[in-house]
Q: 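My questions will all concern the structure given below.
Being a predicted model, the structure only gives us computed values, none of them experimental. Below, each value reflects all heavy atoms present in this structure, side chains not excepted, and no hydrogens, waters or symmetry copies. Within every chain, numbering begins at 1; the chains are lettered A, B, ... in the order of the sequence lines, protein sequences first and strands thereafter.
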Amino acid sequence: MEKIRLENEAATVAYACELAKNIEAGQVIALSGELGAGKSVFARALMRALGVTDEALPSPTFALIQTYDGTNCKVAHMDWYRLESADEIEMLGVREYFHAPWICIIEWPERNLSLLPSESIIIEIKTDPDDFQLRYLEQR
Amino acid sequence: MRILGIETSCDETAVAIFEGDRASGKGRVLSERIASQIETHARFGGVVPEVASREHLIALPMMVEGVMKEADCGWSDIDHIAVTSGPGLMGALLVGVSYARALGCVNNIPVIPVHHMEGHLLAPGLSEGGLPDFSFITLLVSGGHTMLVRVDAIGEYRVIGQTIDDAAGECFDKSARLLGLSYPGGPEISKLAEHGDAKRFKLPRPLLNQDNLNFSFSGLKTAVMYAVKNHGKFDEQAKADMAAAIETAICDVLVKKSIRACRQESVNRLVIAGGVAANQGLRSMLAKAASDNGMESFLSHPKYCTDNAAMIAYAASLQLSSKVSSPMNWDVQPRCNLPS
């Protein structure tokens with residue numbers, strides 16, 4: 001597992017852009033981290049880098065799944081925060097988004113990690129109690 | 001004409017019968033019922049889609065029977081059935097729409113799809129005094145939406161500003177969770193804020209200085225997280241002060257952008273609608289800012305700010321009287337834009 005130090009939001013955005021270059025349709029990217037850690041910042045940067053041009057990228061917390069058109073792919077942005085059981089997540093038809101042409105970004109994947117395809121990229125974002133700008137990122 | 005309204009887009013099951021004048025669409029609510037699932041969902045810390053769908057299905061038949069009886073109506077007295085077709089949770093919407101269609105089919109009554117946000121936009125018209133004259137600007141704020149809409153006529157809506165990330169209601173709920181308060185967070189924060197000093201903690205006012213009408217509340221939530229962590233142990237007074245700071249920060253941005261919207265569009269009537277519009281702090285700040293700027297403000301009755309079915313039946317009544325036709329073929333739309 002890699003542990004990466006990101007000094008500020010700009011570094012997080014740059015990292016997400018770099019990641020975007022290496023992913024293809026069919027990829028699932030799961031983002032975990034506490035409330036306010038910066039999952040949405042990361043997700044939005046990733047979506048921009050994938051070519052999503054919509055002005056507003058609303059939080060999927062309420063709607064559960066937001067979908068967009070990217071360059072050479074479609075992007076699904078999900079939030080499992082409000083979901084409880086594996087059944088519920090399954091019922092939403094999330095698996096449909098785990099294949100091309102979709103690139104699927106999931107916040108709060110810990111609600112049901114077993115549902116993620118084995119080749120998913122799992123990224124954990126951690127904050128630092130002494131430096132509000134700093135983030136540590138672990139990718140596996 | 002009598003219209004039965006059905007609303008099941010999220011966690012409230014609501015039905016109502018509205019009697020509207022065919023020419024003006026105006027009228028009165030004959031009977032209404034709202035069953036809240038807040039207690040059920042509080043256990044989970046938020047709305048659970050499958051639980052919500054099941055609860056709607058259990059509640060609907062009894063509730064419809066109840067409003068029909070109270071309004072002293074038989075099926076031959078109902079001219080239209082209006083139902084929320086979106087946006088909302090897929091499963092929850094499907095329960096309401098399928099039920100409405102079945103009732104319509106059996107009793108030979110036409111079914112009209114209503115956009116949930118159009119219901120909220122027009123809901124202030126259910127209060128005494130009715131809707132203001134066109135055109136007006138509405139600040140629409142709820143758990144899932146935060147937008148500024150210019151209303152020129154029934155069915156003519158233009159979104160002139162919106163949140164680029166979290167909704168204001170979501171910011172209330174998530175900030176409340178960071179403070180360790182229970183779900184739903186908005187009302188809990190308001191209650192605490194009454195005894196708090198908003199100046200003790202400094203929170204940002206996202207996008208306030210940008211020259212547009214968009215909102216952003218995601219960063220504010222992060223600021224709350226750090227302020228909470230940084231402070232160490234949170235006693236009751238600190239919690240109240242933080243609640244006041246959160247409420248003031250959110251309301252400050254909402255109010256200032258609403259006033260800016262009216263100026264920019266040269267409209268001097270400002271309406272506030274949606275679930276967060278029930279927030280007393282926001283209502284008084286908005287009313288004051290409007291009057292300071294020579295604008296009229298219209299605050300809907302708190303009862304019609306949150307999800308309800310009277311607003312759905314009322315929106316259908318206004319559509320019928322304005323000859324706004326609904327599509328022949330329509331389906332549930334979990335995500336859809338306002339009609340324009």
Q: Once you round to the nearest 0.5 Å, how far does CZ of A:Arg44 lie from CG of B:Asp165?
A: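 That separation rounds to 4.5 Å.
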
Q: Between A:Pro58 and chain B, with a heavy-atom cut-off of 4.5 Å, which part of the residue counts as in contact: side chain, backbone, both or neither?
A: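 Both parts, heavy atoms under 4.5 Å.
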
Q: Say you draw a straight line from OG1 of B:Thr222 to CD of A:Glu9; how long is it, rounded to the nearest 0.5 Å?
A: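 Going from OG1 on B:Thr222 over to CD on A:Glu9, the span is 8.5 Å.
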
Q: Below 4.5 Å, heavy-atom pairs only: which of B:Glu170, B:His145, B:Gln162 has the largest tally toward chain A?
A: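 Between B:Glu170, B:His145, B:Gln162, the count favours B:Glu170.
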
Q: For chain A, which candidate among B:Asp173, B:Leu178, B:Val224, B:Thr146 shows the most heavy-atom pairs at distances under 4.5 Å?
A: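 Top count of heavy-atom pairs under 4.5 Å with chain A: B:Leu178.
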
Q: Only one of B:Arg177, B:Lys229, B:Lys174 forms a salt bridge (charged side-chain N to carboxylate O under 4.0 Å, His left out) with A:Glu34, so which one is it?
A: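 Among B:Arg177, B:Lys229, B:Lys174, the one that satisfies the salt bridge (charged side-chain N to carboxylate O under 4.0 Å, His left out) with A:Glu34 is B:Lys229.
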
Q: Flag yes if more than 12 heavy atoms outside A:Asn72 fall under 6.0 Å of its CG atom; otherwise flag no.
A: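 No - once you tally the heavy atoms of other residues, nucleotides and ligands closer than 6.0 Å, there are 12 at most.
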
Q: Heavy-atom count around B:Asp235 CG within 6.0 Å, excluding the residue itself: above 12?
A: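 Enclosed: over 12 neighbouring heavy atoms sit under 6.0 Å from CG of B:Asp235.
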
Q: If I take atom OG from residue B:Ser175 and atom CG from residue A:Leu35, how far apart are they, to the nearest 0.5 angstrom?
A: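 So the gap between those two atoms works out to 8.0 Å.
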
Q: Does atom CG of B:Asn337 have more than 12 heavy-atom neighbours, drawn from other residues, nucleotides or ligands, at distances under 6.0 Å?
A: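 Not more than 12 within 6.0 Å, no.
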
Q: Write down the atom of B:Met225, the atom of A:Gly36, and the distance for their closest heavy-atom approach.
A: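 Of all heavy-atom pairs spanning B:Met225 and A:Gly36, the closest is CE-O, 3.6 Å.
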
Q: First locate atom CG of B:Asp166, then atom OG1 of A:Thr61, and finally report the distance between them rounded to the nearest 0.5 Å.
A: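 That separation rounds to 6.0 Å.
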
Q: Where on B:Asn214 is there a heavy atom nearer than 4.5 Å to chain A: the side chain, the backbone, both, or neither?
A: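 Side chain only.
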
Q: What's the shortest heavy-atom distance between B:Tyr226 and A:Phe132, and which atoms?
A: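 Answer, listing the atom of B:Tyr226 first, then A:Phe132: OH-O, 2.9 Å.
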
Q: Which answer fits B:Thr163, side chain, backbone, both or neither, if we ask what part of it has an atom under 4.5 Å from a heavy atom of chain A?
A: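 Just its backbone gets close to chain A.
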
